[in-house]
Structures are given as C-alpha cells and as structure tokens.
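Comments concern the structure below.
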Amino acid sequence: MSEINLPSHLVPNLVGSPKPPAPQAGDRNAGEIRKLAEDFEAFFAGLVFDEMTAGLEPDPLTGGGIGEDMFRSLLNQEFGKSVARNGSLGIADVVQRQLLQLQEIGS
C-alpha cells in the first residue's frame with residue numbers, strides 16, 4: 001500500500017495544536033467560518049447521538065407513539081448543538097483552522 005504525502009500546511013496537527021485564531025476585525029469572513037465550523041460539529045454530533053439512541057426501545061409506561069422518533073431526532077440535534085457550543089469534540093476548531101488555511105491559499 002502506498003502512502004499519500006500531503007503538504008504540511010494541509011495536514012492538521014491534532015495533538016497539542018493551538019486553538020484557531022480569534023476572528024480579526026479586518027477579516028469579516030472569520031466569524032462566518034467559525035459559525036460554519038460549529039454547525040458542522042453540531043451536525044456530526046447529532047448524527048452520533050442518533051446512532052447511539054437508534055436501538056433504544058421506548059419506555060412501555062410513558063414512551064412510544066407516532067411522534068417519539070421525530071422528537072428523539074430533534075432532541076439529538078439539540079444535544080449536538082450543545083456539544084458544538086461547548087467545543088467538547090474539537091471538530092469545529094480543526095475545521096475552522098483548515099478553512100482559514102484554504103482561504104489564505106486561495107488569496
């Protein structure tokens with residue numbers, strides 16, 4: 001199997017990497033990039049919660065019904081948003097750093 005060699009500026013340093021830079025006043029896209037990165041982390045975390053709760057059976061006393069699957073999905077989305085706001089997974093930091101690097105390359 002051959003190894004893929006990418007330029008070092010395209011490969012994130014995940015271990016001990018510093019937090020992405022805070023949005024600068026002159027860079028109006030930095031805030032939008034941060035929001036996009038947090039949305040991505042929220043979406044990913046929501047999918048993880050969906051998979052974690054997929055096999056759970058409803059409580060026989062109070063659970064079940066037609067709307068439970070829909071509301072469980074909404075709850076999992078909110079859990080994902082909460083995880084992203086807290087930065088618990090760190091995915092948003094990596095995505096933001098990569099997007100800012102790609103923006104610099106494109107400029």
Side-chain angles (χ1 to χ4, degrees):
M1 180 166 57
S2 64
E3 187 174 311
I4 299 174
N5 293 319
L6 294 174
S8 61
H9 67 277
L10 294 178
V11 180
N13 179 10
L14 298 177
V15 178
S17 61
K19 292 245 181 209
Q24 300 296 321
D27 190 3
R28 62 186 174 95
N29 291 332
E32 294 172 5
I33 288 175
R34 181 64 191 176
K35 172 82 171 91
L36 178 71
E38 285 182 4
D39 288 347
F40 177 79
E41 183 172 353
F43 176 74
F44 177 78
L47 289 178
V48 170
F49 285 120
D50 281 340
E51 287 299 316
M52 288 172 48
T53 59
L56 294 178
E57 295 294 325
D59 181 25
L61 182 61
T62 60
I66 297 172
E68 183 168 350
D69 289 335
M70 180 183 69
F71 287 112
R72 181 179 290 167
S73 175
L74 292 173
L75 180 63
N76 289 338
Q77 286 177 7
E78 290 303 313
F79 283 154
K81 290 176 186 177
S82 176
V83 165
R85 274 193 304 271
N86 294 330
S88 301
L89 298 178
I91 295 172
D93 296 337
V94 174
V95 170
Q96 179 184 6
R97 186 170 42 251
Q98 290 299 309
L99 289 174
L100 288 172
Q101 286 179 357
L102 289 173
Q103 183 178 5
E104 289 174 7
I105 292 171
S107 299

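Remember, predicted model here, so these are calculated numbers, not experimental data.
For the residue pair Ala92 and Ala37, the shortest heavy atom distance occurs at O-CB, 3.3 Å. Contact detail for Gln96 and Ile33: the closest heavy-atom pair is CG-CG2, 4.0 Å.
Cluster annotation: Met52 is not connected to Leu74 through the hydrophobic network of ILVMFWY side chains, with a link wherever side-chain heavy atoms come within less than 4.5 Å. Linking ILVMFWY side-chain heavy atoms closer than 4.5 Å, directly or via other members, places Phe43 and Leu36 in two distinct hydrophobic clusters. Hydrophobic cluster membership differs between Phe49 and Leu47, with clusters built from Ile, Leu, Val, Met, Phe, Trp and Tyr side chains linked at under 4.5 angstrom.
A search for ring pair (Phe, Tyr, Trp, His ring centres under 6.0 Å) contacts involving Phe44 returns nothing, not counting sequence neighbours.
Screening residues 37-50 for salt bridge (Lys or Arg N to Asp or Glu O under 4.0 Å) gives Arg34-Glu38, Lys35-Asp39 as the qualifying pairs, with residues at least two apart or on separate chains.
Annotation: the span from Gln103 atom CD to Leu100 atom CG amounts to 6.0 Å, rounded to 0.5 Å.
Considering only heavy atoms from C-beta on, Val95 stays 4.5 Å or farther from Gln98 through its side chain.
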